[in-house]
Amino acid sequence: MQGILLQVTRFGFLVLLWLFVYAIIRAMRNDLSAASSGRLPLGGGRADRKSRTSRSRGTAKYLVVTAGALANTRITLGAQPVLIGRADDSTLVLTDDYASERHARISPRGDDWYVEDLGSTNGTYLDRSKVTTAVRAPINTPIRVGKTVIELRP
């Protein structure tokens, strides 16, 4: 009886050890992902709230690539949606291995622009949040598609 109890205790400690290792690896992966895409944790102070409210003022006129292979590329926005991906017929054609053929779409609705993921493999991120449905994209807020980061600008 004591032998079985000892084995169960050893197995329990082994499971706890592996859960701890998994938690550490997951935290490191998230930190590395945030650092490589230029998304560093923002605090939550008064200056942060002020910058968030100033992001939504004005109407977007340009889509600017701020990071990635096409950095400093600027697209003038019109009434048509902007298709982003590796496909040749995309408005913004990416040469990014982490982008899908048809990765994301940014489309106008009134004075606002909305970003939506088109079922991509690696996802689309608005600031630090994964996009699962069409979400309003404020001005000067980073949108990450693979290794490419874009922003709407006035």
Side-chain angles (χ1 to χ4, degrees), residues 15-154:
V15 168
L16 285 175
L17 177 67
W18 279 109
L19 287 174
F20 180 70
V21 169
Y22 173 75
I24 290 173
I25 291 172
R26 186 171 176 196
M28 288 175 52
R29 189 187 78 203
N30 287 341
D31 287 347
L32 289 174
S33 174
S36 69
S37 67
R39 297 176 295 120
L40 297 176
L42 288 176
R46 180 175 296 171
D48 189 32
R49 274 188 240 118
K50 186 176 179 183
S51 69
R52 285 185 195 150
T53 57
S54 67
R55 285 180 178 169
S56 61
R57 294 185 186 143
T59 303
K61 293 184 176 92
Y62 301 101
L63 183 68
V64 178
V65 179
T66 58
L70 298 173
N72 299 321
T73 301
R74 185 172 92 169
I75 297 173
T76 303
L77 298 173
Q80 297 297 319
V82 176
L83 184 63
I84 302 167
R86 291 186 321 193
D88 291 334
D89 62 343
S90 297
T91 310
L92 181 61
V93 180
L94 303 177
T95 57
D96 186 345
D97 291 337
Y98 295 98
S100 298
E101 291 288 317
R102 304 225 186 305
H103 197 103
R105 176 177 32 232
I106 300 176
S107 53
R109 294 185 189 172
D111 286 341
D112 295 325
W113 286 83
Y114 284 76
V115 61
E116 60 184 310
D117 186 76
L118 300 176
S120 66
T121 305
N122 294 316
T124 302
Y125 292 85
L126 178 64
D127 205 6
R128 291 179 296 271
S129 303
K130 188 170 186 175
V131 174
T132 55
T133 62
V135 179
R136 190 176 74 79
I139 292 175
N140 297 326
T141 302
I143 301 167
R144 185 167 54 89
V145 175
K147 292 182 178 179
T148 304
V149 180
I150 56 178
E151 293 181 6
L152 294 167
R153 298 276 172 88

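If you're wondering where the values come from, they're calculated on a predicted model, not measured in any experiment.
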Peer 1: Please identify each residue that fulfils side-chain contact (heavy atoms from CB on, under 4.5 Å) with P108, with sequence neighbours left out.
Peer 2: W113

Peer 1: How far does CG of N140 sit from CG of L152, to the nearest 0.5 angstrom?
Peer 2: 8.5 Å

Peer 1: Check the pair L70, T148 against side chain to side chain contact (heavy atoms under 4.5 Å, CB included), reporting the backbone distance first and the verdict last.
Peer 2: CA-CA 8 Å; L70 298 173; T148 304; 5.6 Å; no

Peer 1: Which heavy atom of V131 sits nearest to which heavy atom of T133, and what is that distance?
Peer 2: CG1-O, 3.1 Å

Peer 1: Mind listing the side-chain donor-acceptor pairs of residues 92-102 below 3.5 Å, one per line with the distance, residues two or more places apart or on another chain?
Peer 2:
from	atom 1	to	atom 2	distance (Å)
D96	OD1	Y98	N	2.9
D96	OD2	K147	N	2.5
S100	OG	T121	N	3.2
E101	OE2	R86	NH2	3.4
R102	NH1	D89	OD1	2.9
R102	NH2	D89	OD1	3.4
R102	NH2	D89	OD2	3.1

Peer 1: With T124, which residues qualify under side-chain hydrogen bond (donor to acceptor under 3.5 Å, both in side chains), at least two apart?
Peer 2: H103, D117

Peer 1: I24: which residues meet the side-chain contact (heavy atoms from CB on, under 4.5 Å) condition with it, sequence neighbours left out?
Peer 2: F20, M28

Peer 1: Please list all pairs passing the side-chain hydrogen bond (donor to acceptor under 3.5 Å, both in side chains) test where one or both residues lie in residues 63-80, with sequence neighbours left out.
Peer 2: none

Peer 1: Rounded to the nearest 0.5 Å, what separates atom CG in L77 from atom CG in L63?
Peer 2: 5.5 Å

Peer 1: Enter the distance from I75:CD1 to I106:CD1 here, rounded to the nearest 0.5 Å.
Peer 2: 8.5 Å

Peer 1: Going from OH on Y114 to CG on L126, what distance comes out if it is rounded to the nearest 0.5 angstrom?
Peer 2: 11.5 Å

Peer 1: Of the non-hydrogen atoms in V145 and A104, which two are nearest, and what is the gap between them?
Peer 2: CG2-CB, 4.4 Å

